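Worksheet for the structure shown next.
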There are 2 protein chains.
Amino acid sequence: MVEDSKKPGLRDRKRTATRARIEAAAVDLVLRDGLEAATVDAISERADISPRTFFNYFDSKDAAILGLKPQALEDDLAEQVARPSDVDPIEAVVDLVVTTMGVGHGGDADLHQQRVEIMRRHPEVASSQFAQLNARKNRLVEQVRQLLARTATFPDDAELTARATIALAVCASAVHAAVETWVGTADSPAATDIDGPDDADVIRQRALSLIHSTLKELL
Amino acid sequence: MVEDSKKPGLRDRKRTATRARIEAAAVDLVLRDGLEAATVDAISERADISPRTFFNYFDSKDAAILGLKPQALEDDLAEQVARPSDVDPIEAVVDLVVTTMGVGHGGDADLHQQRVEIMRRHPEVASSQFAQLNARKNRLVEQVRQLLARTATFPDDAELTARATIALAVCASAVHAAVETWVGTADSPAATDIDGPDDADVIRQRALSLIHSTLKELL
DNA sequence: TTGCAGTCATGCATCTTTGCGGTACTGTAG
DNA sequence: CTACAGTACCGCAAAGATGCATGACTGCAA
């Protein structure tokens with residue numbers, strides 16, 4: 001049951017290939033025809049699947065465009081929380097958010113570049129990363145709750161959950177803001193070619209800076 | 001053109017009546033048949049309008065169930081921000097959020113009670129108040145920005161906007177959490193009959209308390 | 001090799017939501 | 001009273017999203 005990571009197997013290879021075809025088709029069509037002209041039907045046809053199957057691979061059209069894996073996260077999440085965590089809880093939560101948002105979608109550099117371009121042209125899409133987060137909110141709050149429980153002077157359960165909710169919101173909105181300014185200023189395609197400091201890191205840093213300055217001011 | 005507040009006029013009276021019929025129909029059907037059995041078609045039929053017209057009155061099915069007015073807010077918002085505001089910025093923002101979420105929908109007490117019951121049975125609906133907020137996010141951030149600009153040591157524009165975003169998120173999630181716990185513990189229908197301390201106030205207080213305790217801990 | 005159990009792809013039906021366009025009604029000015 | 005302008009209502013079509021049922025395919029074990 002828990003056979004892992006050695007033999008992909010035909011089944012998984014096919015599935016991976018299909019997902020890749022969908023992502024490519026979505027990105028291509030959006031860049032070619034615009035966001036609303038690129039319908040699910042069109043993308044599906046191009047990827048050689050039925051529209052119904054499309055939604056077996058992605059939760060939404062936007063998710064396909066951004067290449068957001070539907071679950072896959074669960075693994076990362078578990079891993080994140082299992083960490084030793086001598087680190088600042090805030091940093092851990094930001095990591096969680098960045099991962100869930102799929103900001104650092106590891107893989108094809110071209111595809112990544114194209115997605116940045118799409119986010120520049122259609123800012124609405126970028127904010128669907130946010131929606132992705134909301135959808136997983138309950139599970140994420142649970143993770144954050146565990147993180148906080150380590151350092152917090154243990155209040156009652158409801159209180160702790162509420163605090164986790166707020167902490168998550170802080171980090172999420174910070175990352176969101178960071179992504180927005182990053183997308184807005186990312187008109188230097190050459191710079192992102194090399195992926196020098198790594199896009200995800202830039203966003204992480206900006207988000208942390210925002211959080212600290214804002215919280216300091218609010219008190 | 002700017003004749004106001006004396007003669008409602010037949011047109012407005014009809015519109016108000018229709019909106020009320022929709023709200024009542026929505027609440028009744030949800031309580032009777034459940035959330036998903038109460039389709040837009042069913043609600044519309046019961047309210048004696050076409051399904052198309054339904055969306056002329058409300059942005060979504062959930063909005064109708066909760067009785068969230070589509071704009072109407074704009075007025076309140078402007079008013080909020082125009083205030084003198086010797087008050088804590090955080091309190092102001094919380095007010096903004098509570099108003100926008102339509103937590104204190106003034107009006108029919110029975111309807112209010114029914115809505116609380118619906119939120120208890122179908123928690124998903126409650127979180128669509130949150131969505132309502134996201135939809136108006138840009139405008140709200142602008143308002144919060146102005147509020148913050150008064151006390152903040154003026155950073156650059158992007159920074160200020162980012163901070164406003166985060167502050168809004170903090171307050172929004174706090175209110176959201178407060179609503180959730182309030183709904184969860186609101187199994188004393190007798191208590192809410194009298195509307196003693198006013199539901200909205202209870203939520204405001206709880207939210208503020210949450211914000212302060214959480215922020216203090218995160219630093 | 002064969003067969004079984006678990007997945008996957010798909011068609012179909014349904015629901016929510018939105019844009020467009022036409023028709024009917026309201027308020028008002030002549 | 002009448003005509004005109006502005007809304008409101010509604011039908012229609014299309015898109016995004018989801019549940020259900022069915023047939024096909026894969027992986028594995030006998």
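Lettering of chains follows the sequences in order, A, B, ..., and the numbering in each one begins at 1. Just so it is clear, the structure is predicted and the values come from calculations on it, not from any experiment.
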Side chain of [X] only, please: which of [options] is the nearest?
| X | options | value |
| --- | --- | --- |
| F55(A) | dT26(C), dG16(D), dC25(D) | dG16(D) |
| R52(A) | dC20(C), dC9(D), dC20(D) | dC20(D) |
| S50(B) | dC10(D), dA17(D), dC15(C) | dC10(D) |

If the condition is side-chain hydrogen bond (donor to acceptor under 3.5 Å, both in side chains), which residues does [X] pass it with, not counting sequence neighbours?
| X | answer |
| --- | --- |
| E117(A) | R120(A), R121(A) |
| E159(A) | R163(A), R206(B), S213(B) |
| D59(B) | R136(B) |
| T16(B) | none |

Rounded distance in Å - [atom1] ([X]) to [atom2] ([N]):
| X | N | atom1 | atom2 | answer |
| --- | --- | --- | --- | --- |
| D62(A) | dA17(D) | CG | C1' | 12 Å |
| I65(A) | dA15(D) | CD1 | C1' | 13 Å |
| D33(B) | dC15(C) | CG | C1' | 16 Å |
| I43(A) | dA17(D) | CD1 | P | 10 Å |
| D59(A) | dG19(D) | CG | C1' | 15 Å |
| L10(B) | dT28(C) | CG | P | 11 Å |
| E45(A) | dA15(D) | CD | P | 12 Å |
| I49(B) | dG11(D) | CD1 | P | 11 Å |

Work out which heavy atom in [X] is nearest to a heavy atom in [Y]; give both atom names and the distance.
| X | Y | value |
| --- | --- | --- |
| I203(B) | A178(B) | O-CB, 3.8 Å |
| A174(B) | L210(B) | O-CD1, 4.0 Å |
| M119(A) | W182(A) | CE-CZ3, 4.4 Å |

Margin query: Pick the closest DNA chain C nucleotide for L35(B) and for K14(B) by heavy atoms, then say which residue is nearer the 5' end.
Written below: L35(B)

Short N/O separations, protein against nucleotides 4-8 of chain D, under 3.5 angstrom:
unit_1: dG6(D); atom_1: N2; unit_2: R11(B); atom_2: NH1; d: 3.3
unit_1: dG6(D); atom_1: N2; unit_2: R11(B); atom_2: NH2; d: 2.6
unit_1: dT7(D); atom_1: O4'; unit_2: R11(B); atom_2: NH2; d: 3.3
unit_1: dT7(D); atom_1: O2; unit_2: R11(B); atom_2: NH2; d: 2.9

Checklist line | Lys/Arg-Asp/Glu bridge criterion (N-O < 4.0 Å) met for R115(B), E23(B) | finding: yes

Next item on the list: Report the end-to-end axis angle of the helix from dT1(C)-dA30(D) to dG30(C)-dC1(D); each axis comes from five terminal pairs, and the value is rounded to 10°.
Entry: 0°

Margin query: dA15(D), OP1 or OP2 - any side-chain N/O from T39(A) closer than 4.0 Å?
Written below: no

Notebook entry, point to check: So, is K61(B) near the phosphate of dT17(C), with a side-chain N or O under 4.0 Å from OP1 or OP2?
Noted result: no

Check: Out of curiosity, K14(A) NZ to R21(A) CZ, how far, rounded to the nearest 0.5 Å?
Finding: 10.0 Å

